[in-house]
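A short worksheet on the structure shown next.
Throughout, a chain's letter reflects where its sequence line sits, starting with A, and its residues are numbered from 1.
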Amino acid sequence: MPLVEIEGLRVSFRQYGGKVDAVRHVSFRVSEGESVGIVGESGSGKSVSCSALLRLLPATAEVEATTLRLDGVDVLKANKEDLARLRGRSAAMIFQDPMTAFDPVFTIGHQIAETIRAHRKVGKREALAEAEQLLLRVEIKNAADVLGYYPHQLSGGMLQRAMIAMALSCRPKLLIADEPTTALDVTIQAQILQLIKRVQAEFGMALIMITHDLGVIAETVDRVVVMYGGEIMEEGAVTDVFEAPKNDYTKTLLASLHSRFEPSKGAPDTVAPALELRGVAKSYHTRRRSGFRVVQGEFQAVQTVDVVLPRNRIVALVGESGSGKTTTGLMAMRLTEPSRGQILVDGTDISQLDPAALIPFRRRMQIVFQNSYSALDPMMTLAQIIAEPLHIHGLGTPREQTEKALNWLERVGLPRNFGNRYAHELSGGQRQRVAIARALILEPTVLVADEPTSALDVTVKAQIINLLKQLQAELGLSILFISHDLSTVKSLTDSVVVMYRGRVVEEAPTERLFAEPQHPYTRALLDAIPATNPREKRLRTFLSADEIKARTPRYTVIQTGSAPNAAPQLVTIAPGHRVEAIVTP
Amino acid sequence: MTAHIIRRILSVAFTFIVVSIIIFLMMHSVPGGPFDANDMPVSEAVRAKMMAQWGLDQPLHVQYFNYMWGVLHLDFGVPFQSPGETVVELISRAWVPSLILGGSGVLIGAPLGILLGMAAALNRNTWIDYLASTLATLGLTIPVFVTSMLLILIFAVWLNWLPASGWPQPNRWILPIACYAAIPLATYARYTRSAVLDTLNRPFVTVLRAKGLSERRIVFQHVMRNSAIPLVTVFLPMFIGTATGSIFVEAMFRVPGLGAYFVSSIEVRDYTLQMALMLLITFMYCLAYLLSDIAYALLNPRIRVGGAE
Amino acid sequence: MTDATAPITTTRQRSPLWFAWRRFLSNKAAVIGGVVLGILILMAVFAPLITPYNPEAQSFLTEALAFPSAAHWFGVDNLGRDFYSRIVYGARVSLTIGFTAALFSVLVGIPLGALAGYFGGRTDWVIMRIIEVFSVVPPLLAALLLGALTRGGYGTIVFIAALFGWVNVCLLVRAQIKAFREKEFVRAAQALGASPWYIIRRHLIPNSISPIIIGFVLAIPMAMMLEASLSFLGVGVPPPTPTWGQMINEGIDFMFFYWHLAVFPTAALAITVLATSLFGDGLRDALDPTLKGR
Amino acid sequence: QTTVVAPSGSTAGTYMDYMKTVYDRGTGSELLQIPIATFDKEFELTPMAAESWTQSEDGLTWTFKLRPGLVWSDGEPLTAEDFVFALQRAATSGYDFAWYWDFAGGIRGWKEVTEGTADVSTLGLKAVDDVTIEVTTVAPKPYLPSVTSLWYPVPKHKVDELGDDWALDVATIVSSGPFEIESWEKSNNSVVLTKSDTYTGPWSPLIDRLELDPTLNAPEVGLPAFLAGDADYSFLNTGQVPVATARYPDGIRKNAVFATSYISYDLDAAPFNDVNVRRAFYYAVDRAELTSTVLKDIAIPAGSILPPGYPGYNPDIAAEAVFDPERAKQFLADAGFPNGEGFPEVEIWYREEGGYNGAIVPAMAQYLQAEFKEVLGISLNIRALPGPEWMDGLRGKKNNIFIAPYEYDYLDPSNFYGIFYNGGRHGYFIPEYDEIIAKADSESDWDTRYKLYAEAEQLMIDQGLIVPLVHPVTIAVVSDQLTGDGVAPNSLGFTQLDRLGHYFFTHITKQ
Ligand SMILES: Nc1ncnc2c1ncn2[C@@H]1O[C@H](COP(=O)(O)OP(=O)(O)OP(=O)(O)O)[C@@H](O)[C@H]1O
Ligand SMILES: Nc1ncnc2c1ncn2[C@@H]1O[C@H](COP(=O)(O)OP(=O)(O)OP(=O)(O)O)[C@@H](O)[C@H]1O
Ligand SMILES: [Mg+2]
Ligand SMILES: [Mg+2]
């Protein structure tokens with residue numbers, strides 16, 4: 001008997017002014033020990049289907065199904081107590097956003113122990129001991145301490161692991177992982193995926209992996225379900241689907257995975273670069289409480305960084321989470337005041353200009369924010385949001401502004417009637433496109449795009465990237481492209497700047513960087529890119545910060561022409577290729 | 001945290017001084033003095049003598065500084081209304097009944113209000129919710145003196161279950177405490193309802209459900225604790241707030257508390273007592289806000305154990 | 001794309017207000033509250049048309065204190081005035097006091113809250129100190145003192161209610177704006193070259209609509225209650241102008257037998273406040289598009 | 001042990017010493033001491049501390065003989081010296097009732113001493129021996145004995161020991177009257193008195209304990225407490241009368257309190273500097289309607305400053321105060337305001353207070369407002385002010401029209417007429433009036449006196465100095481457990497309750 005049996009699932013949501021169908025005719029099964037992936041575009045009903053299985057949908061949801069069984073229990077007929085027993089024990093879930101998934105006022109230890117005790121009769125102390133073991137299992141080194149930590153004291157990656165530990169704590173027969181890695185950077189993502197796979201094997205659990213990232217699927221599962229628009233498009237063994245997709249949507253999905261983009265043509269202009277950062281740095285004052293004391297400190301978010309964005313080029317800024325990419329991008333826009341350094345736009349230093357003098361530059365430089373959800377005013381309709389730049393700069397009549405906004409809506413691949421909608425009514429990918437439309441409507445010459453495609457599924461991503469390319473060609477747009485997604489970087493950008501802990505550790509033309517990475521961090525980063533082919537699944541090793549430091553490359557004076565120094569410095573080892581290294585005499 | 005507390009204390013001290021100046025000026029700009037209530041005028045000579053006796057003949061700023069200098073030494077002067085004792089003695093005597101009744105009112109009303117609010121939130125948009133919300137609104141709308149009168153009429157006059165009013169015997173406390181409880185009950189019910197609804201909408205509640213926790217545990221442990229933290233900040237100020245409510249309740253129930261002095265000190269221009277009472281309430285409020293701040297910080301792990309602010 | 005999940009929308013361009021209106025209409029309690037409030041306001045406005053007698057004329061001295069009857073729906077008060085007329089006219093004063101005070105609170109509270117929240121620093125410090133001064137003085141005592149100073153009356157009550165009402169609004173708005181100031185859509189607007197004033201007006205204040213409405217709705221009963229409390233303490237609106245607070249206060253004396261003198265004004269006050277808060281809640285939910293299917 | 005619980009006056013009291021402060025006195029301070037003389041229920045003056053008194057030939061000197069054997073509750077003998085000391089201290093210490101001894105008592109040298117221009121020894125007071133007091137007045141004061149009903153002794157030995165503070169603390173308070181003090185709750189000025197063991201004067205109490213509680217005074221609070229058995233009687237407001245009458249048909253008592261509510265003016269300020277305006281107001285009040293509707297049961301019409309039954313009350317004068325709208329309009333027209341046109345908006349100020357005035361004045365003010373509007377076409381605004389401010393306004397002439405209440409202090413017409421004498425309470429200076437009053441006050445022939453007072457009142461009417469409005473009546477419900485002469489109505493049908501405390505509380509018993 002299969003562990004999960006879903007037959008003819010249909011979920012709709014009651015809303016003001018009618019019902020919305022989220023999921024229709026969904027049927028699939030999962031047997032014990034099996035791992036199944038659900039892929040599909042954003043908003044296709046992946047999360048809703050799984051939540052329906054655990055009856056975790058809000059009260060406005062109406063769930064119908066011919067069969068909806070979990071571990072032999074008819075979920076639709078189960079009462080509250082049965083459900084409580086079923087949840088956690090038969091199936092546990094890892095949620096998309098670990099930051100909001102923990103109760104902020106209880107310690108991690110309490111929350112894990114509580115889960116254990118909800119399902120088994122054990123003492124508090126034993127439960128805590130078990131929790132510690134679980135934390136160790138998910139490779140949290142200082143597990144004993146972490147037990148006493150509150151959620152906000154952990155980083156996103158650690159929380160995600162604690163979340164997995166919590167899910168494992170009830171020894172579920174089925175683990176549902178809902179996009180467990182979207183919020184994480186590639187290196188952590190790879191670690192988490194590997195971890196999930198390992199514990200799955202160890203505990204002999206079945207796994208449902210929800211994602212829109214085909215690479216993740218290729219890496220982790222045996223069987224795949226492809227969803228689109230609330231329905232299942234295709235289902236089959238992962239190798240079969242990857243090698244011989246039947247459905248059109250699956251085909252485009254896979255096609256986009258293998259597409260290649262051409263690097264920008266023509267030699268860069270010799271005139272001043274579109275944007276140049278000279279020695280910019282940013283330090284934050286931090287205040288940490290320890291007990292009742294406040295410890296004041298300086299945190300170097302960005303150490304002296306030089307970045308050149310030549311005209312009509314796309315430069316990528318990559319690096320681990322928290323390495324200062326966003327901060328650099330914001331400083332370039334003068335949205336965060338740099339602590340030091342100059343910002344040159346077309347050769348003019350704008351780092352000292354007052355707000356009024358900045359306005360003409362603001363028209364030429366735009367930014368797409370990393371978090372598209374908070375970057376859109378929740379009280380404004382999309383048409384208003386996109387037209388806002390025109391409104392601020394007083395371009396055209398209100399009618400023309402709206403009209404132009406609606407055109408841009410189409411250009412980024414959204415229907416015109418979305419103009420009436422609000423940000424919260426969109427999926428993540430749709431929101432990101434709105435943010436891009438807003439940034440581009442003024443037809444700027446410089447664009448700082450901070451993870452503009454992180455929430456997009458591959459098809460839409462391809463569309464957006466095409467759009468960016470096209471604009472680059474049409475408008476002579478220069479883009480500083482901040483991203484975690486190395487495959488996109490590889491296919492889109494002309495050169496890459498790698499940041500690590502607030503410093504630039506390597507910089508090179510794209511092809512050269514991917515071919516000959518020098519810095520150990522760059523290598524680790526490239527190594528973490530998920531495979532695009534299920535047959536390429538492999539085990540990875542991960543470097544710790546100390547190991548990276550220890551492996552800093554060494555060059556001689558002759559190789560680099562720089563003065564020898566025991567401290568690492570950026571040295572040029574080939575035209576356009578700089579790397580942080582220790583120069584030995 | 002210490003620095004934070006010190007900064008708060010300084011700002012509170014600043015506020016306190018500003019308030020004291022404002023009150024002092026307002027108090028003295030009200031026409032009529034403490035010796036003007038008599039049916040027939042006292043002669044100018046007599047008046048002057050009495051003004052001099054209380055130091056009221058000095059310029060205002062001198063009076064202010066004299067008074068505040070005394071306050072620094074915890075000397076709040078002698079109430080004109082009761083020259084046999086000091087203001088401090090008077091207040092500490094009269095405050096006891098007010099504190100007993102007001103305190104019990106809040107202590108009883110607040111938990112009941114929380115329960116009512118939870119019941120409303122958990123049964124959102126059912127008759128329980130509507131009933132609870134209506135009760136809460138009524139509690140806030142019907143003036144205390146009407147409630148007092150109603151309770152007296154029902155329980156003392158018609159049903160004859162309880163004494164109508166009066167002080168020392170504890171069975172006379174029941175009705176006034178019920179009146180005092182109405183406002184915290186209503187306020188807490190409102191606050192709790194919205195706090196619980198907010199909490200229920202947070203993603204971690206879904207996670208808790210997914211873990212297989214019983215609904216009861218989710219509500220009474222997680223939701224309650226999370227909702228309680230913001231509620232802490234209103235508790236103490238509300239406690240102090242009952243002090244002014246005592247004007248009505250104590251008048252209706254013949255309680256020899258502080259309430260009557262609020263009104264009488266203003267009416268008979270009892271400057272020392274008036275000033276002391278105002279300063280007392282101001283001070284209590286300052287303290288209450290300060291303590292709530294600290295309590296909030298202590299209860300909220302985000303602040304207590306550091307990390308991002 | 002995601003057409004399958006798209007809500008059933010017509011292709012016509014509808015204004016956000018239209019949607020707000022639809023959302024409002026689907027909230028039954030709010031509609032009832034709104035209707036009741038509307039009726040009350042209309043009654044107050046058209047008081048002369050719907051009241052049979054002059055509220056101040058003591059035309060029924062011989063029937064003083066009469067109970068409700070067909071001729072006098074709410075009875076007659078101790079001074080021989082038709083009580084129904086007085087309640088209706090009382091709505092004028094009480095509603096005016098409530099709404100004026102609330103309006104003042106909002107007019108003062110929003111800009112100050114916005115300034116404090118947006119600019120922070122010294123502006124915030126100064127405004128916070130002012131707020132602190134207001135929050136540590138109990139309104140009732142201050143009202144007593146101010147009442148003694150200004151001899152009470154209409155203006156004083158509105159003034160006092162506004163004086164203490166804006167603090168609430170200001171704090172709510174400030175907190176909201178502080179929270180939103182760091183949001184990226186504000187940054188986005190800055191990146192577009194928007195001025196602080198533009199950002200406050202277009203982004204921050206609309207996003208604070210819910211605390212503003214809460215503040216507004218809370219200020220109304222607060223002012224009306226203040227009026228009642230002050231009447232009890234003798235610093236109210238001078239007679240013969242009928243006000244609910246004054247009528248409640250006088251009614252208390254007659255509660256033993258002539259119950260109608262206390263019951264009707266209290267009920268009027270309670271109904272108004274109840275309706276206002278239902279309406280306000282509904283309005284807030286309707287104006288905030290993000291609260292979707294709740 | 002019988003305990004009577006009774007409502008009583010003011011909730012705030014400073015000293016338990018009537019001769020130290022009247023307006024801020026502790027509850028029951030008069031019951032603790034024995035006055036020279038007091039009134040019984042028929043308003044007959046009865047000697048208390050004094051056994052007898054005589055007036056000298058020239059009418060200027062009175063000699064009071066004290067009852068022998070009177071003692072203070074601490075055993076010290078009560079002597080003439082204690083009475084003399086009481087007034088000497090009053091004259092020098094800023095006594096808030098000092099005016100009384102000037103205008104009612106007319107004691108020689110009083111004014112000079114209070115103003116500090118003469119030594120206290122020049123006062124016309126002398127303790128001839130332990131039981132003899134001699135009082136010299138400026139002019140003949142035929143009614144002086146009744147003035148002494150407010151003359152209580154002060155324990156000189158205690159004052160010598162503790163100063164004025166003797167009257168602050170139950171432990172140090174000594175009494176000379178029928179009651180002793182047991183406890184005093186200062187928050188609300190309620191006291192518990194007990195029957196005195198040492199008292200040898202007339203009227204010894206029939207009850208053992210007496211609780212006087214000012215918080216019971218407001219009928220809204222008092223009646224529920226009474227109904228719940230917590231009080232032995234309670235005053236009633238209009239709204240309560242039907243309930244109380246239905247429940248206790250035999251327990252209802254009324255009392256005319258010898259008080260008057262009247263309108264007074266600032267005679268120098270427009271528009272009331274015009275006598276025609278004042279007279280218009282005089283005729284524009286329908287007192288009968290006012291008291292039969294709005295103030296039903298709690299007031300009777302006032303045609304004169306003197307209440308009916310009061311010595312010197314003149315029904316003919318009172319009958320002049322009729323409601324005559326035509327005449328009122330005519331007067332107003334004569335003043336240049338036909339039908340109220342051009343009449344400025346005026347604001348009438350009244351004093352906020354509890355008790356019977358609190359019950360009648362606000363309602364009356366609104367009645368007048370409507371009435372003046374209707375009859376005279378005048379807009380009258382109403383403002384209630386706390387005591388000090390109202391007084392401040394009256395004295396400082398900060399407003400031009402007031403509703404003023406006055407309750408008698410001693411039983412003689414000179415009491416009421418004195419409040420308008422030579423400035424007095426209202427700052428009225430009417431030479432003709434002052435002349436008549438001065439003459440009347442010192443006239444020893446009673447018929448002539450009453451005639452002179454009637455003349456003075458006629459002058460008041462002609463000049464429109466005041467508009468007498470109503471005489472308040474208090475109405476109360478008394479428990480059937482309370483018996484004795486005290487609760488039985490007098491020949492006029494009135495029961496004095498605590499108004500004549502000495503008589504009432506010593507003439508009640510409780511089952
Ligand atoms: N509470 C809700 N009320 C109304 N509609 C909802 C609700 N939750 C989800 N939906 C809708 O149901 C559809 C499916 O949502 P779901 O969360 O399953 O998407 P998903 O496939 O998980 O997307 P993503 O990859 O972005 O997480 C979406 O169109 C979404 O708008
Ligand atoms: N306002 C701030 N105050 C203090 N520290 C900050 C602030 N903003 C950012 N930081 C810190 O600066 C560092 C760099 O942050 P930044 O957002 O630039 O990282 P990132 O490279 O964009 O990371 P991600 O890939 O996760 O977006 C982080 O460690 C962050 O915690
Ligand atoms: Mg999802
Ligand atoms: Mg970033």
CZ/B:Phe65: more than 12 non-hydrogen atoms of other groups inside 6.0 Å
no
Report yes if the side chains of B:Phe204 and A:Pro104 come closer than 4.5 Å at any heavy-atom pair, otherwise no.
yes
Just how far is it from atom CE of A:Met166 to atom CG of B:Leu208, taken to the nearest 0.5 Å?
7.0 Å
Closest contact, heavy atoms only, A:Leu56 versus B:Thr206:
CD2-O, 3.9 Å
Considering all heavy atoms of both residues, which atom of A:Ala118 and which atom of B:Gly212 are nearest to each other, and what is their separation?
CB-O, 4.4 Å
Residue of the set A:Arg89, A:Arg87, A:Gln111 for which side-chain contact (heavy atoms from CB on, under 4.5 Å) holds with B:Lys211
A:Gln111
Spacing of A:Asp103 atom CG and B:Thr199 atom OG1 [to the nearest 0.5 Å]:
9.0 Å
Could you tell me if the side chain of A:Glu114 sits less than 4.5 Å from the side chain of B:Gln221, heavy atoms only?
yes
CZ (A:Phe106) and NE2 (B:His222) are apart, to the nearest 0.5 Å, by 5.0 Å
Bottom line for A:Ala167: the part with an atom under 4.5 Å from chain B's heavy atoms is neither
Between chain B and each of A:His119, A:Lys80, A:Met163, A:Arg85, count heavy-atom pairs under 4.5 Å; write down the option with the most.
A:His119
Step through the shown structure and confirm whether more than 12 heavy atoms of other residues, nucleotides or ligands are within 6.0 Å of CZ on A:Phe203.
yes
Does any backbone or side-chain atom of B:Arg202 lie under 4.5 Å from a heavy atom of chain A? Answer side chain, backbone, both or neither.
side chain
Name the region of A:Phe95, side chain, backbone, both or neither, that has any atom closer than 4.5 Å to a heavy atom of chain B.
side chain
Mark yes when over 12 heavy atoms from residues, nucleotides or ligands other than B:Phe24 sit less than 6.0 Å from its CZ; otherwise mark no.
yes
